[in-house]
Protein chains: 2
Amino acid sequence: MLHDQTIGDYAAGGRHYPPAPARDQPIRLKPDETIYSEGEHARAIYQVETGAVRIYRLTPSGQRYILSFCGKGEWFGLETGNVRTDFAEAVCETSIRPFRASQNTAAPIDLLHIALTNLAKAQHKQLVITEQSALKRVAAFVFEMAERHPGAREFDMMMSRSDIADYLGLTVETVARCFTKLREKHVLCLNGKLQRIVRLLDRDALIALTV
Amino acid sequence: MLHDQTIGDYAAGGRHYPPAPARDQPIRLKPDETIYSEGEHARAIYQVETGAVRIYRLTPSGQRYILSFCGKGEWFGLETGNVRTDFAEAVCETSIRPFRASQNTAAPIDLLHIALTNLAKAQHKQLVITEQSALKRVAAFVFEMAERHPGAREFDMMMSRSDIADYLGLTVETVARCFTKLREKHVLCLNGKLQRIVRLLDRDALIALTV
DNA sequence: CGGGTGCTTGACTAGCATCAAATGTAGTGG
DNA sequence: CCACTACATTTGATGCTAGTCAAGCACCCG
């Protein structure tokens with residue numbers, strides 16, 4: 001009976017064929033609702049169906065640092081051990097699907113592929129962050145968000161300025177200033193009461209900024 | 001015959017039981033010798049036996065960014081696809097052991113565990129880098145190096161100042177200034193003609209700096 | 001001795017954090 | 001309908017940190 005086996009267990013002893021998941025019911029979440037917290041026992045991994053999730057840690061000094069945002073189709077919650085090392089929260093109205101380690105039913109989840117994808121994301125983020133200049137980082141962020149809405153004239157970032165700041169290692173003020181710079185350069189427009197709806201005016205200029 | 005299968009192949013199609021490795025002969029490397037380069041076909045993963053390896057990328061502007069240093073026992077070279085996305089070089093006299101995907105012989109390699117370990121490393125590094133203040137970053141780096149030599153009075157970092165700078169997203173000058181500050185604070189001594197041999201004087205003070 | 005390399009130090013500057021305040025929008029209650 | 005609060009974003013003024021440019025030092029080797 002594998003039902004109580006945790007994700008961490010087969011991450012640690014991954015010599016075994018990954019147990020097939022039992023497809024659980026999707027979970028609907030309100031904005032800022034917690035999915036799991038640091039220190040908890042890791043029982044499942046998740047796939048985002050709609051909306052977005054933020055994965056973050058709190059430093060000893062209480063500062064929040066957002067490791068990643070997960071959008072539609074992306075996986076999160078895979079840990080090295082069987083204890084959560086970070087927090088997961090819904091950014092907005094979100095629906096996620098949990099997968100637990102249980103008896104073989106359907107096709108097994110490709111945990112290795114998920115881990116490698118997340119690793120590639122984390123490495124790319126390292127480059128973005130150290131690639132100093134606040135404007136570059138914000139441009140890279142906007143580009144990343146735009147890639148999630150291919151072909152759309154406009155899209156909603158959904159994250160607050162402080163989410164973006166904690167993601168990019170900047171302050172809220174600096175992020176706001178960068179957005180106004182991007183507007184002044186006619187790279188994008190911001191709409192919506194919270195100015196989170198982006199309309200890209202000059203995609204090439206945006207890309208040029210991230211280089 | 002799986003002999004020509006690449007790492008990327010079973011990373012992408014990882015639903016299969018990881019092929020058991022053929023234990024290849026160790027490779028001895030001189031300082032700065034290349035192990036693989038961006039764009040090459042990924043044929044093997046490696047484990048460090050002695051010495052150290054730097055994994056890095058070059059930005060479009062030609063800047064080097066070091067993603068990680070791999071020390072004794074650590075694995076590198078596992079890619080999402082079958083093409084190298086980064087460079088690997090020996091930092092110093094180094095011996096590594098390659099593992100190729102070939103017919104089942106010995107125990108299979110736990111690729112998932114390797115991927116998750118590297119992911120955890122990458123995430124930790126994100127925190128270190130965004131945790132502003134050059135001194136904190138350098139302190140965290142020294143601590144990381146010290147952890148690789150538990151119980152040793154002294155140890156050789158082996159990396160040059162510019163390696164450290166490219167790893168932490170700082171400049172050589174800033175790194176040097178931080179080391180002198182650490183000396184002034186009597187946290188450590190530096191010995192050797194290249195000032196790369198560290199003697200920790202106040203481990204607690206070092207840890208306090210990284211918080 | 002001269003040149004090369006890697007580390008350190010100094011002077012100056014640009015860019016981001018910090019502190020503070022203004023703006024805009026929505027919601028509440030009189 | 002308007003005053004008032006609450007919240008997120010934006011803007012402004014100022015200081016500090018790390019980057020930049022430049023020079024100096026220590027060591028090694030031909």
Side-chain angles (χ1 to χ4, degrees), chain A residues 30-32 54 59 61-66 91-92 128-142 156-185 188-198 209, chain B residues 30-32 54 59 61-66 91-92 128-142 156-185 188-198 209:
Chain A
K30 296 190 203 313
D32 296 320
R54 61 174 154 254
T59 65
S61 49
Q63 247 227 320
R64 182 181 72 160
Y65 178 69
I66 296 180
V91 172
C92 52
V128 169
I129 289 172
T130 52
E131 206 174 20
Q132 246 99 255
S133 153
L135 190 59
K136 278 190 178 187
R137 296 191 224 182
V138 173
F141 172 79
V142 174
D156 191 337
M157 298 190 292
M158 291 177 296
M159 298 87 185
S160 70
R161 295 290 185 268
S162 107
D163 279 336
I164 300 172
D166 290 352
Y167 179 67
L168 296 176
L170 301 169
T171 58
V172 188
E173 295 93 328
T174 303
V175 171
R177 275 184 252 268
C178 289
F179 272 113
T180 56
K181 257 183 205 157
L182 290 176
R183 248 184 300 156
E184 286 167 0
K185 287 172 183 273
L188 50 75
C189 284
L190 292 172
N191 297 314
K193 66 163 183 171
L194 294 175
Q195 301 289 89
R196 295 179 190 173
I197 295 171
V198 175
L209 281 174
Chain B
K30 296 191 202 314
D32 296 320
R54 60 173 156 256
T59 66
S61 50
Q63 246 225 322
R64 183 180 70 161
Y65 178 70
I66 296 181
V91 172
C92 52
V128 170
I129 289 172
T130 50
E131 206 173 21
Q132 246 98 251
S133 152
L135 190 58
K136 278 190 179 186
R137 298 192 222 181
V138 173
F141 173 79
V142 173
D156 191 337
M157 298 191 292
M158 291 178 295
M159 297 89 186
S160 70
R161 295 289 185 268
S162 105
D163 278 335
I164 300 171
D166 290 351
Y167 179 67
L168 296 176
L170 301 170
T171 59
V172 188
E173 296 92 328
T174 304
V175 172
R177 275 184 254 266
C178 289
F179 273 113
T180 54
K181 254 181 207 156
L182 290 176
R183 248 183 301 155
E184 287 168 359
K185 287 171 182 275
L188 49 76
C189 285
L190 292 171
N191 297 314
K193 67 164 181 171
L194 292 175
Q195 301 289 91
R196 295 181 190 173
I197 295 171
V198 175
L209 280 174

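Lettering follows sequence order; numbering is per chain, from 1.
In this structure, B:Leu135 and B:Leu182 have side chains that are in contact, with non-hydrogen atoms separated by less than 4.5 Å. The shortest distance between side-chain heavy atoms of A:Thr174 and A:Leu168 does not fall below 4.5 Å.
Remark: P of D:dT9 and CG of A:Asn191 are 15 Å apart, rounded to the nearest angstrom. In this structure, the CD atom of A:Glu131 is 15 Å from the P atom of D:dG19, given to the nearest Å. Look at CE on B:Met157: it is 13 Å from C1' on C:dG6, rounded to the nearest Å. Between the C1' atom of D:dC16 and the NZ atom of B:Lys181 lies a distance of 11 Å, rounded to the nearest Å. Remark: P of C:dT9 and CD of B:Gln195 are 9 Å apart, rounded to the nearest angstrom. Summarising the geometry, the separation between CE on B:Met158 and C1' on C:dG6 is reported as 18 Å, rounded to the nearest angstrom. Nucleotide D:dT9 holds its P atom 5 Å from the CZ atom of A:Arg196, rounded to whole Å. The nearest whole Å value for the distance from the CG atom in A:Leu135 to the P atom in C:dA14 is 17 Å.
Legend: salt bridge (charged side-chain N to carboxylate O under 4.0 Å, His left out) pairs involving residues 157-181 of chain B, not counting sequence neighbours, sorted by first then second residue: B:Arg54-B:Asp163, B:Arg64-B:Asp163, B:Arg64-B:Asp166. Annotation: salt bridge (charged side-chain N to carboxylate O under 4.0 Å, His left out) contacts involving residues 131-140 of chain A, sequence neighbours excluded, are absent.
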Under 3.5 Å, side-chain donor or acceptor atoms of residues 190-198 of chain A against the rest of the protein: list the pairs with distances, not counting sequence neighbours.
from: A:Asn191; atom 1: ND2; to: A:Glu154; atom 2: OE2; distance (Å): 3.0
from: A:Arg196; atom 1: NH1; to: A:Met158; atom 2: O; distance (Å): 3.3

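Minimum interatomic distance between B:Thr171 and B:Ala165 (heavy atoms only, all atoms of both residues): C-CB, 3.6 Å.
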When you compare the protein's N or O atoms with those of nucleotides 23-29 of chain D, which come within less than 3.5 Å of each other, and at what distance?
none

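With sequence neighbours excluded, no residue forms a side-chain hydrogen bond (donor to acceptor under 3.5 Å, both in side chains) with B:Thr180.
Contact annotation for B:Arg137: no contact, since no heavy-atom pair falls under 4.0 Å across all strands.
Side-chain proximity of B:Leu194 to the nucleotides C:dG6, D:dA18, C:dT8 is greatest for C:dG6.
Atom CZ of B:Phe141 sits about 12.0 Å away from atom CD1 of B:Ile129, to the nearest 0.5 Å. Note that the CE atom of A:Met157 and the SG atom of A:Cys92 stand 12.5 Å from one another [nearest 0.5 Å].
Residue A:Thr180 places at least one side-chain N or O closer than 4.0 Å to OP1 or OP2 of D:dT11.
A heavy atom lying under 4.0 Å from DNA chain D marks the following residues of residues 164-178 of chain A, by number: A:Glu173, A:Ala176, A:Arg177.
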